[in-house]
Amino acid sequence: MSDPVAASDPASAGLTADASHAADAEESTRLRRVAIVYNPTKADQRALRSAVEFSLSAARKDADWADPVWLETTVDDAGQGLTRRVLDEGVDLVLAAGGDGTVRSVAAGMRGSGVPMGIVALGTGNLLARNLGLPFGDLQASVDIAFTGTDMPMDVGIAELTRDNGASSDHVFLVMAGIGIDAAMFANTNPQLKKRVGWLAYVEGGLRSLGTKKLHIHYRLPGQQAHSAHVSTILAGNCGVLPGNMELMPDASLDDGELDIALVQPRTIFGWLAIWRKVTWENRVLRRSAFGRQIIRFTGSDKARMLSYLRGPSVHVEVEGAEPVELDGDGFGEVVGAHFWADAGALVVRVPARS
């Protein structure tokens, strides 16, 4: 039983108040720190530094900020190691400046830290930026949001990949992971064409991949029986918007602790055209109105068999024969199995402040 005298001791209460005031004073006088992890092959360093200094000068009107820490990614460290190192040293904000690979690598380092990540999208797909409603192509606006935006906890996708030799490894994805034709599409995309026309190069890579054989997979969601299917690809999505006004997974949410699973099973080229119509017209336009949803109900039975959806916190996938896998558009070799799962609320990102 607690001592009622001690609990109401004015001296004890005074010490507690003094300690609280001291902590508040220390916090108010502490210099805040920001680190920028950037890909030198994507970023115009002079323009990026100028944008950061402009936003930082505005931020210093409300708080004391130290000079920024600049960390350049390399072939050996795409951002994960650099980010963990600077987190160990103590920072209040990390900016990831580069393409989807850089953003994913920095996020892998920040996972579970609670420190907010700002995104300066400088890549071809800019997948996460699209799904978060962040600007790309406007450097200053991106950096401003990193300093002044709202903190949003989001899920992180984890891919536990199993190779044909039995070796396994864990990797982060933020938007989507897939086994099958989607991975072949990214692998077949011409890098020079990608530099010239951006994400449209993926269309050419996709056309070159249409002849890819179907996969025989076995998949299982938690608490359910295992199922088998022949598919062109199986996708696990944390969010569903892709370049080209495609909404592949219209119900996917970044903060629901679950993954949306898509099984893509067209039989002919006309099946692919029907899927294209579904992800660019039905998912993005028709389903937003009651009348549009009625149209989908009357016309969508065939497309439902070609593109079907599941949802769960995780999915185990086994493949008969090694097949290519991709995470957020980057190839990760071939696998015979994968366990995709959502790490709920593991990353804090800066998004535009609501007006």
Is there any ring-ring contact (aromatic ring centres under 6.0 Å, His included) pair reaching into residues 103-130, and which pairs are they, with sequence neighbours excluded?
none
In a check of side chain to side chain contact (heavy atoms under 4.5 Å, CB included) between V156 and each of L254, N238, L347, which one passes?
L347
Please enumerate all residues that pass side-chain contact (heavy atoms from CB on, under 4.5 Å) together with P153, with sequence neighbours excluded.
none
V106-I119 co-clustered via ILVMFWY side chain contacts under 4.5 Å:
yes
What pairs of residues pass the ring-ring contact (aromatic ring centres under 6.0 Å, His included) test when at least one of them lies in residues 112-165, not counting sequence neighbours?
W65-F147
Should the pair R311-D260 be classified as a salt bridge under the 4.0 Å nitrogen-to-oxygen rule?
yes
Can you see which heavy atom on A146 is nearest to which on G118, and at what distance?
CB-CA, 3.8 Å
Please tell me if the side chains of L310 and V315 come closer than 4.5 Å, counting only heavy atoms from C-beta onward.
no
In this structure, which one of V264, I181, I217 forms a side chain to side chain contact (heavy atoms under 4.5 Å, CB included) with V231?
I217
Write down the atom of T73, the atom of L82, and the distance for their closest heavy-atom approach.
CA-CD1, 3.9 Å
Output yes when a side-chain donor or acceptor of D44 lies under 3.5 Å from a complementary backbone atom of A47, and no otherwise.
yes
Taking only residues at least two apart or on different chains, which pairs with a member in residues 106-119 satisfy salt bridge (charged side-chain N to carboxylate O under 4.0 Å, His left out)?
R111-D343
Partners meeting salt bridge (Lys or Arg N to Asp or Glu O under 4.0 Å) with D67 (sequence neighbours left out):
R60
For M249 and G237, work out which heavy atoms get closest and say how close.
SD-CA, 3.5 Å
Which residue pairs satisfy the ring-ring contact (aromatic ring centres under 6.0 Å, His included) criterion with at least one member in residues 112-132, sequence neighbours excluded?
none
Heavy-atom closest pair (T124 atom, R130 atom, distance to 0.1 Å) is O-NH2, 4.1 Å
Listed partners of N39 passing side chain to side chain donor-acceptor pair (under 3.5 Å), at least two apart
T41, T102
What's the verdict on side-chain contact (heavy atoms from CB on, under 4.5 Å) for R354 and T150, showing C-alpha distance, side-chain angles and the deciding distance?
CA-CA 8 Å; R354 294 180 180 176; T150 299; 5.7 Å; no
Donor-acceptor pair, distance only, cut-off 3.5 Å: does the side chain of N131 make one with the backbone of V241?
yes
Side-chain (D88) to main-chain (R85) donor-acceptor, under 3.5 angstrom
no
Name all residues meeting the side chain to side chain donor-acceptor pair (under 3.5 Å) criterion together with H216; count only those two or more places apart in sequence or in a different chain, and write none if there are none.
E320
Could you tell me if the side chain of S314 sits less than 4.5 Å from the side chain of L259, heavy atoms only?
no
Using modelled atom types only, decide if a donor and an acceptor are shared between the side chain of D155 and the backbone of G257 within a distance under 3.5 Å.
yes
Is there side-chain contact between L127 and L174, with heavy atoms separated by less than 4.5 Å?
no
Nearest heavy-atom pair of A97 and L122: which atoms, and what distance?
C-CD1, 4.0 Å
Testing H227, H339, H218 one by one against H316 for a ring-ring contact (aromatic ring centres under 6.0 Å, His included), which residue passes?
H339
Got a sec, which pairs hit ring-ring contact (aromatic ring centres under 6.0 Å, His included) with one end in residues 73-92, sequence neighbours left out?
none
Taking every non-hydrogen atom, the tightest pair across V172 and R104:
O-CD, 2.8 Å
Can you name the side chain to side chain donor-acceptor pair (under 3.5 Å) partners of T162, sequence neighbours left out?
none
A side-chain contact here means heavy atoms from C-beta on lying under 4.5 Å apart; do R49 and W70 qualify?
yes
With a 4.5 Å limit on heavy-atom distance, are the side chains of L93 and R350 in contact?
yes
Salt bridge (charged side-chain N to carboxylate O under 4.0 Å, His left out) pairs touching residues 156-170, sequence neighbours excluded, are none
Partners of E334 by side chain to side chain donor-acceptor pair (under 3.5 Å), sequence neighbours excluded?
none
